[in-house]
Peer 1: 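The following block contains the structure, expressed as structure tokens.
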Amino acid sequence: MSHFKDKNVLITGGSSGIGKACAQLCAAKGARVFLLARDEAKLELASSQLEQSGGSAAYFATDLTRPGQVARAVDQVLRKSGAPDILINSAGAGAWRYLDQTSPTQALEMVSAPYLAALYVTRAFLGPMLKRDQGHIVNLTSAAAFMAWPGATAYIATRWAMRGLHEALTLDLAASSIRTTLGVFAKVQSAYWRHNPGSEERVPAAQAMIRTLAPLEAADALLKGIAQKKELVAAPFRLRMILWQARIFPSLTRRIMLNTGHRRQAA
Ligand SMILES: NC(=O)c1ccc[n+]([C@@H]2O[C@H](COP(=O)([O-])OP(=O)(O)OC[C@H]3O[C@@H](n4cnc5c(N)ncnc54)[C@H](OP(=O)(O)O)[C@@H]3O)[C@@H](O)[C@H]2O)c1
């Protein structure tokens, strides 16, 4: 039987990109899916697409950077179905910019989603999950959480923050039956690049060594890893090799990123 059958799966950022693809696959495997994101029209569309293909879906339009809105959405989910069996933190945004091109407001927005959004949502469900001593928390981050490259300072910092949150939480939960999985992807051809203009052209040329994934491919790798209770899912395969290289040869990796990364025009 599918690992996802009759499970409650809550997906932040479930109206687009990797989150939406996770929702499609989870619903197809028999899960009840809850979607959280801000844009109600996109949520409605995603949810009705899931139901048209026979899935079960509900959504709550929520700005996850607002603790009050998170508390309201979490309360509704808890009353409807209890704490999720699987929580996937996929909501995130942030344009790739040099730090001096990033306003304090933009920096705060980037810290707020994905990082604070994942922290607020996880925190709100943690009590009920611990009480039940059951659940699976999944955080998404980027290869940027394991290395840096030029021209995306605040973006990279927040993806490291996601990794830090994930690692710390995993240790906090070690004595419980709650599982955690960190999903790490290189480039995924989602609407992210349209939502965060000026970013795609700053992808380091070294990315050409790694196949770009479609959102459904990223979601499929993630869901397989969740079912197998893997602590880390990194896709595609070549990214796993590069993460290994970054750990063993950090100076070499830094040089590659510097040499193939964005070059700033002289002022
Ligand atoms: N695409 C890639 O190449 C790639 C690779 C590795 C990792 N990632 C990471 O994966 C995450 C998802 O990326 P994606 O490609 O799926 O992007 P996407 O297609 O732009 O989707 C982002 C989702 O997050 C939601 N969201 C953004 N800010 C939010 C907020 N304040 N409150 C609630 N929801 C919010 C968006 O909906 P609303 O705008 O309606 O709120 C949308 O549903 C990002 O953190 C990204 O860094 C992406």
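Just so it is clear, the model here is predicted, and its values are computed rather than measured. Just follow the structure's listing: the first ligand is 1, and inside any ligand the first atom is 1. All residue numbers in this chain count up from 1 along the given sequence.
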Peer 1: Would you call the rings of Tyr192 and Tyr155 parallel, tilted or perpendicular, where under 30° means parallel and over 60° means perpendicular?
Peer 2: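 Answer is perpendicular, since the angle exceeds 60°.
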
Peer 1: Assign the ring pair Trp96 / Trp149 to parallel, tilted or perpendicular, where the plane angle (0 to 90°) is split at 30° and 60°.
Peer 2: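 Trp96 vs Trp149 ring planes: tilted.
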
Peer 1: Do Asn89 and Thr122 get their side chains close enough for a donor-acceptor pair, meaning under 3.5 Å?
Peer 2: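 The answer is yes; a qualifying pair exists.
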
Peer 1: Look only at the side chain of Arg159 and the backbone of Thr141, and say whether a donor-acceptor pair between them is shorter than 3.5 Å.
Peer 2: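 Such a contact is absent between Arg159 side chain and Thr141 backbone.
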
Peer 1: Write down, by chain and number, every protein residue that brings a non-hydrogen atom to less than 4.0 Å from an atom of ligand 1.
Peer 2: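 Within 4.0 Å of ligand 1, the protein residues are Gly13, Ser15, Ser16, Gly17, Ile18, Ala37, Arg38, Asp39, Thr62, Asp63, Leu64, Thr65, Ser90, Ala91, Gly92, Ala113, Leu140, Thr141, Ser142, Tyr155, Arg159, Phe185, Ala186, Lys187, Val188, Ser190, Ala191, Tyr192, Trp193, His195.
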
Peer 1: Is the number of heavy atoms from other residues, nucleotides or ligands within 6.0 Å of CZ (Arg179) greater than 12?
Peer 2: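 Not buried by this count: 12 neighbours or fewer within 6.0 Å.
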
Peer 1: Please determine, by modelled atom types, if Thr212 and Gln189 share a side-chain donor-acceptor pair under 3.5 angstrom.
Peer 2: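 Absent: no donor and acceptor within the cut-off.
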
